[in-house]
Structure formats: C-alpha cells, structure tokens
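Okay, so here's the structure we're looking at.
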Amino acid sequence: MKRAVRLGIWGLLCVAPAVWAQDESAESVMRNVAQKAWEYGQAVSCMDMEGSEQISPDLIAALRPYRGADDYDDAEYLAFWAGDVGCAGGSGTTGYNAAYVIRGPRGQYYVDPSRSSPLASFEFNTRFLERIVSATHDTLVVEYLDFDEDDSNCCPSLQYRATLKRDKQGDWVHTKRQALGKLSTD
C-alpha cells in the first residue's frame with residue numbers, strides 16, 4: 001500500500017508540471033487578453049463594444065509578454081477598450097479605458113483593477129487613442145488625436161505620438177510628446 005501511495009505521489013510530481021506547462025500561441029494569448037479586458041469593461045462601464053473581437057491588437061500592449069510554457073513569471077498586458085465608465089451618457093463620456101490583464105504561470109487570466117481604469121490615469125486624451133506603437137514593462141509609446149482650437153467635440157484634428165512612463169503610483173505620465181501633423185478636413 002505504501003508503495004502504491006509513493007508511486008502515485010511520484011507520478012503526480014512528474015506529470016503535474018507537464019500538465020501545468022501547456023504552451024499557448026501568441027494569437028491565443030491576445031484573444032484571451034482581449035476577452036478579459038472586454039469582460040472587465042462590461043463590469044465597470046456601459047460599453048460600445050459588442051464583443052472582445054473588437055479590441056484590436058493595436059490596442060494591446062505587451063508589457064511583459066508571455067514567453068512560453070517554461071516561463072513561470074506572470075505575463076502582463078495593457079488592453080484598451082471603449083466604454084463609458086460610470087455610465088454618464090453624455091457627449092464625450094465614451095472613450096478608451098485600460099484593463100491591466102495578467103496571465104499567470106498556469107494559464108489563468110485576470111484583471112488587476114488597481115492598475116486599470118478608472119484608477120490608473122493616462123496623461124493623454126485616451127478618448128482618441130489610435131494605436132500603441134510599442135511597450136515595455138514601464139513605458140508606452142502611443143499615437144492619438146487631440147483638439148486644435150477650432151475643432152468640435154467629435155473631431156480632433158491634431159495627431160501626436162507620446163511616450164509615457166509609469167510612475168510609482170501606477171499612473172502613466174508624459175516623458176515626450178511629438179506632433180505628427182494635422183488631419184486634412186477633406
């Protein structure tokens with residue numbers, strides 16, 4: 001009996017890590033990150049997005065990307081979703097908000113609300129985020145639109161690229177902002 005118990009324990013010790021260490025494709029990781037971000041958005045806002053497939057890969061930053069089954073550290077992503085946090089319902093209340101999505105070493109996905117909208121702030125107009133250019137664990141480079149003095153509330157015309165650095169409070173602050181030009185009104 002003791003021998004059977006020892007063999008059972010030995011089998012678990014050998015098989016369990018292999019089962020936990022299931023590899024996942026980059027596409028699957030991005031789909032799962034988008035799904036968790038969408039679910040978070042559903043929980044904290046009135047959303048304009050009908051499904052997670054509307055969260056474009058251009059709106060997901062791999063802060064600490066998943067590197068494969070042998071990576072036992074958490075992978076971290078920042079995914080932007082469109083919604084109205086608090087359901088205010090006014091003109092200009094819907095914009096892009098962030099969900100800080102973590103993929104644990106066993107493949108579980110969850111959102112850290114303390115590093116997500118509305119608690120985390122971004123020092124640029126997230127309402128008109130166009131894309132994430134690049135990202136590291138504590139730096140984001142984004143392109144977005146902002147208002148010129150004669151623009152209406154719906155239609156900003158100035159394009160910018162901004163580099164943001166995460167501060168000690170978890171907020172994203174400008175370190176550099178570059179004007180890319182003005183959109184044509186044609």
Side-chain angles (χ1 to χ4, degrees), residues 26-27 29-38 40-41 44-67 75-86 88-102 111-112 114-186:
E27 294 80 20
V29 170
M30 293 303 261
R31 271 193 314 275
N32 286 321
V33 167
Q35 181 64 34
K36 279 299 164 203
W38 184 78
Y40 178 75
V44 301
S45 75
C46 295
M47 285 189 78
D48 289 341
M49 297 180 144
E50 294 180 15
S52 63
E53 63 280 350
Q54 291 180 303
I55 298 175
S56 159
D58 286 346
L59 299 177
I60 300 175
L63 304 176
R64 278 198 179 127
Y66 172 68
R67 302 206 187 283
E76 300 175 8
Y77 297 85
L78 194 63
F80 286 87
W81 48 272
D84 176 6
V85 174
S91 174
T93 59
T94 296
Y96 283 105
N97 300 280
Y100 199 97
V101 180
I102 299 170
V111 173
D112 180 348
S114 68
R115 295 190 273 180
S116 302
S117 299
L119 297 180
S121 67
F122 296 83
E123 213 173 70
F124 74 98
N125 189 348
T126 60
R127 184 173 161 213
F128 297 106
L129 173 64
E130 291 191 308
R131 72 183 186 110
I132 297 167
V133 177
S134 64
T136 66
H137 180 64
D138 64 351
T139 304
L140 278 176
V141 179
V142 298
E143 288 182 355
Y144 65 99
L145 300 175
D146 214 343
F147 296 103
D148 199 357
E149 59 188 42
D150 58 342
D151 290 342
S152 61
N153 189 31
C154 69
C155 309
S157 63
L158 301 176
Q159 292 180 298
Y160 289 97
R161 177 175 285 179
T163 302
L164 302 126
K165 188 100 170 144
R166 186 171 21 187
D167 66 14
K168 291 178 183 177
Q169 290 76 36
D171 296 322
W172 297 86
V173 295
H174 270 120
T175 58
K176 182 176 159 185
R177 177 174 140 152
Q178 172 189 4
L180 298 178
K182 187 170 173 106
L183 295 175
S184 66
T185 57
D186 299 335

Nearest 0.5 Å, what's the [atom1]-[atom2] distance between [X] and [Y]?
| X | Y | atom1 | atom2 | value |
| --- | --- | --- | --- | --- |
| D146 | F124 | CG | CZ | 10.5 Å |
| K36 | I55 | NZ | CD1 | 12.0 Å |
| T139 | K176 | OG1 | NZ | 12.0 Å |
| E143 | L180 | CD | CG | 5.5 Å |
| H137 | R64 | NE2 | CZ | 3.5 Å |
| L119 | S114 | CG | OG | 7.0 Å |

Legend entry - Side-chain donor or acceptor of T126 paired with backbone N/O of Y96 under 3.5 Å: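 Pair found, side chain donor or acceptor close to backbone of Y96.
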
Considering only heavy atoms from C-beta outward, does the side chain of [X] approach that of [Y] to under 4.5 Å?
| X | Y | value |
| --- | --- | --- |
| V141 | Q178 | no |
| R31 | E27 | yes |
| Y77 | P65 | yes |
| W81 | L59 | no |

Smallest separation among heavy atoms of [X] and [Y], with atom names:
| X | Y | answer |
| --- | --- | --- |
| A98 | S116 | O-CB, 3.3 Å |
| A37 | A79 | CB-CB, 3.6 Å |
| L140 | A135 | CD2-CB, 3.8 Å |
| R166 | L63 | NH2-CD1, 4.4 Å |
| G83 | N97 | O-ND2, 3.1 Å |
| W172 | L164 | O-CD2, 3.7 Å |

Inset, instruction - Using the side-chain contact (heavy atoms from CB on, under 4.5 Å) rule, take F80 and V142 through it: C-alpha gap first, then chi angles, then the decisive distance, then the call. - result: CA-CA 12 Å; F80 286 87; V142 298; 5.6 Å; no

Inset, instruction - Please lay out, stage by stage, how R161 and R131 fare under the test side-chain contact (heavy atoms from CB on, under 4.5 Å). - result: CA-CA 10 Å; R161 177 175 285 179; R131 72 183 186 110; 3.4 Å; yes

Inset, instruction - Check D148, L145, L183 against L158 for a side-chain contact (heavy atoms from CB on, under 4.5 Å) and give me the one that passes. - result: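 The residue from D148, L145, L183 that satisfies side-chain contact (heavy atoms from CB on, under 4.5 Å) with L158 turns out to be D148.
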
Legend entry - side-chain hydrogen bond (donor to acceptor under 3.5 Å, both in side chains) partner of K165, the single match among T136, T175, D138: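 When T136, T175, D138 are each tested with K165, the side-chain hydrogen bond (donor to acceptor under 3.5 Å, both in side chains) holds only for D138.
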
Legend entry - Pairing residues for V173 by the side-chain contact (heavy atoms from CB on, under 4.5 Å) criterion, not counting sequence neighbours: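 Scan of V173 (side-chain contact (heavy atoms from CB on, under 4.5 Å), adjacent residues dropped) gives E123, D167.
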
Legend entry - Inter- and intrachain pairs under ring-ring contact (aromatic ring centres under 6.0 Å, His included), touching residues 147-170, at least two apart: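 Checked against ring-ring contact (aromatic ring centres under 6.0 Å, His included) - neighbours excluded - the pairs reaching residues 147-170 are F128-F147, Y144-Y160.
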
